[in-house]
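Protein chains get the first letters and strands the later ones, always in sequence-line order, with residue 1 at the start of each. It should be emphasised that the depicted structure is a prediction, and the values quoted were computed from it without experimental measurement.
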Protein chains: 2
Amino acid sequence: MDRSGPTGLVPEVGLDRTSPVPLYFQVASRMQQLIESGVLPVGGRLENEVELAERLGVSRPTIRRAVQYLVERGVLVRKRGVGTQIVHPKVRRPVELSSLYDDLAKSGQKPRTQVRTLEVRHAPDHVAEALGLDENAQVTWMERLRFADGEPLAIMQNAVPVDVLPLRCEDLEGRGLYELLRAAGYAPRMATQVVGARVATAAEASVLEDVRGAPLLTMTRTAWDASGRGVEYGSHIYRASRYAFELTLST
Amino acid sequence: MDRSGPTGLVPEVGLDRTSPVPLYFQVASRMQQLIESGVLPVGGRLENEVELAERLGVSRPTIRRAVQYLVERGVLVRKRGVGTQIVHPKVRRPVELSSLYDDLAKSGQKPRTQVRTLEVRHAPDHVAEALGLDENAQVTWMERLRFADGEPLAIMQNAVPVDVLPLRCEDLEGRGLYELLRAAGYAPRMATQVVGARVATAAEASVLEDVRGAPLLTMTRTAWDASGRGVEYGSHIYRASRYAFELTLST
DNA sequence: GTCAACACTTTGTCCTGACATAAACGACGG
DNA sequence: CCGTCGTTTATGTCAGGACAAAGTGTTGAC
């Protein structure tokens with residue numbers, strides 16, 4: 001390891017002690033900015049924590065907490081006795097669970113949603129079990145057809161416990177389900193998915209404007225919020241010719 | 001919220017101050033044991049941190065760090081002014097990235113691997129780019145056929161930079177690639193995957209002992225270790241009739 | 001009776017200080 | 001020339017204290 005000193009010096013940034021934003025977070029945000037803007041070079045080493053603390057005028061625990069935050073997000077790596085390094089930007093933990101609607105919107109395609117069914121009903125057994133609900137619990141059940149750039153892309157069946165969120169047709173047509181959940185304070189924090197493949201039946205093909213025997217991606221998902229409450233169950237099929245899952249896994 | 005006090009009391013456990021295992025980790029492990037064994041009930045509230053610290057004979061920062069550790073793993077939730085609660089066991093962050101071999105072994109099926117190709121070669125452009133290697137970097141390139149319970153399941157093409165790990169046929173036949181990477185100190189910590197579907201060509205069908213037009217799951221993956229170094233690239237196809245991806249996502 | 005203000009509990013933030021320990025370096029001796 | 005043993009340097013762990021802020025419940029005024 002090169003002992004020629006740190007390759008990147010964190011400038012004395014202005015910290016605002018009157019701000020409600022915690023100091024450690026101000027430090028972390030500033031560091032991340034400096035890294036993303038290239039002032040602190042990828043692969044470079046940071047100063048040691050004691051110096052950093054002195055120069056920024058905060059205590060070492062505060063610096064440690066800021067660094068820790070960035071380590072958890074995959075921006076920095078620490079090695080005892082060696083120092084703290086900036087890792088390659090490719091390896092960053094995603095900040096939130098993505099949903100199809102978000103993905104499409106982000107990639108520049110114009111998502112459109114057609115709500116085919118929207119009703120309150122008793123949760124089917126497998127849904128109740130997946131979400132951890134009572135047998136006779138009520139869920140909002142919906143079936144939607146999702147278009148991207150005008151072409152049908154997916155058939156989506158979803159269930160959301162009624163007491164989590166009242167859902168209306170017009171909401172679902174303009175925004176994604178995850179966006180609505182987040183707005184209601186039930187942001188999905190964890191989800192298990194099963195992704196498989198099969199060929200389309202005649203009925204599915206007709207809805208998706210594809211041919212019978214066309215390859216389909218299937219996905220069933222259960223999502224929980226931060227407190228462990230089941231907030232969404234979904235069973236989707238996608239036209240494989242027009243969609244593939246892109247996902248980031250991390251430990 | 002119920003103010004009747006905590007529903008679960010952490011017993012005074014024996015902490016070993018001579019042990020090299022950090023105190024906060026001893027506390028966290030003990031707590032997790034108590035939660036998993038049901039002594040501390042799911043949904044219950046913990047004592048407040050100050051009491052806990054006093055009773056266990058450690059400082060509050062140590063308790064906080066232990067709790068923090070479990071919060072990050074999804075075992076506990078904290079709410080300022082309220083307390084710390086135990087969340088449902090279903091919502092736990094997975095501890096490590098899984099690979100097909102591990103998954104099969106864990107689910108009781110007997111994985112077997114037939115190595116069809118194993119050679120050192122220049123990295124193809126798309127592989128070099130995905131792993132962040134120089135253009136003329138060398139990789140170990142392998143093509144393997146994976147069986148579960150005697151039936152062919154997947155065709156797997158993988159590349160690993162040569163300086164990461166020397167790979168031998170006999171290693172690959174007895175163990176999974178990820179296990180070998182972990183043993184060599186390059187444990188994958190983050191990966192991006194693209195999962196799609198298509199139908200089998202005649203050649204693929206013959207290798208997989210399936211029929212032409214059978215649905216296939218396709219997956220391409222790039223994996224990085226903790227320091228951001230690209231350690232594995234893979235392009236796999238699976239028989240959809242015998243396999244589906246099961247994955248856990250978390251923020 | 002209703003609603004606002006206050007008190008209390010609990011986690012969140014931040015500080016100072018100290019010692020432990022892993023990794024890398026360099027000097028020394030074989 | 002090479003390995004060994006300390007030295008240096010950096011992060012890791014832990015203590016104890018102080019105050020801030022968010023939720024909850026209670027009290028009191030109207």
Notebook entry, point to check: Is it true that B:R175 and B:D102 have a side-chain N and a carboxylate O under 4.0 angstrom from each other?
Noted result: no
Check: Is the distance from OP1 or OP2 of D:dC14 to the nearest side-chain N or O of B:Y24 less than 4.0 Å?
Finding: no
Next item on the list: Calculate, to the nearest 0.5 Å, the distance between atoms CD and OG1 belonging to A:E246 and B:T220 respectively.
Entry: 8.5 Å
Item checked: Interatomic distance, B:L70 CG vs C:dT11 P [rounded to whole Å] -> 14 Å
Check: Which one, D:dG12, C:dT10, C:dT16, comes nearest to the side chain of B:N48?
Finding: C:dT10
Checklist line | Integer-rounded Å distance: D:dA10 C1' and A:E47 CD | finding: 13 Å
Checklist line | Selection from D:dG12, C:dT16, C:dT11 that lies nearest to any side-chain heavy atom of A:E49 | finding: D:dG12
Note to self: Side chains of B:Q85 and B:R78 only: does a donor on one sit below 3.5 Å from an acceptor on the other?
What the structure shows: no
Notebook entry, point to check: B:Y24 and B:Q68: side-chain donor and acceptor closer than 3.5 Å?
Noted result: no
Is there any protein nitrogen or oxygen under 3.5 Å from a nitrogen or oxygen in nucleotides 18-21 of chain C, and what are the pairs?
| residue | atom | partner | partner atom | Å |
| --- | --- | --- | --- | --- |
| C:dT21 | O4' | A:R80 | NH1 | 2.9 |
| C:dT21 | O3' | A:R80 | NH1 | 3.0 |

Next item on the list: Among the candidates D:dC14, D:dG16, C:dC15, find the nucleotide nearest to the side-chain atoms of B:R17.
Entry: D:dC14
Check: Which part of the nucleic acid, if any, lies within contact of A:R64, taking any heavy atom under 4.0 Å across all strands shown: a base, the sugar-phosphate backbone alone, or nothing?
Finding: base
Margin query: Heavy atoms from C-beta onward define the side chain here; which of D:dA15, D:dT11, D:dT13 lies closest to that of B:P22?
Written below: D:dT13
Item checked: Which atom of A:A130 lies closest to which atom of A:W224, heavy atoms considered -> O-CZ2, 3.9 Å
Check: Got a second to check how far B:S99's OG is from B:E179's CD, nearest 0.5 Å?
Finding: 8.0 Å
Next item on the list: Kindly point out which of C:dC15, C:dG12, D:dT13 is positioned nearest to the side chain of B:R65?
Entry: D:dT13
Next item on the list: Round to a whole Å and report the spacing from CG of A:L46 to C1' of D:dT9.
Entry: 15 Å
Next item on the list: Measure from the ring center of B:F25 to the ring center of B:Y69 and say whether it is less than 6.0 Å.
Entry: yes
Check: Over how many whole Å does the gap from B:L76 atom CG to C:dG12 atom P extend?
Finding: 11 Å
Notebook entry, point to check: Quick one: B:R78 CZ to C:dT13 C1', roughly how many Å, whole number?
Noted result: 12 Å
Check: Side chain of A:V82: nearest nucleotide among C:dA23, D:dA15, C:dT11?
Finding: C:dA23
Notebook entry, point to check: Whole-Å distance between C:dC14 C1' and A:D16 CG?
Noted result: 15 Å
Checklist line | Side chain of B:T62 (C-beta onward), nearest among D:dA15, C:dG12, D:dT11 | finding: D:dA15
Check: Rounded to the nearest Å, what distance is computed from the CD atom of residue B:Q68 to the C1' atom of nucleotide D:dC14?
Finding: 17 Å
Notebook entry, point to check: For B:F25 and D:dG12, what is the distance between atoms CZ and P respectively, to the nearest whole Å?
Noted result: 15 Å
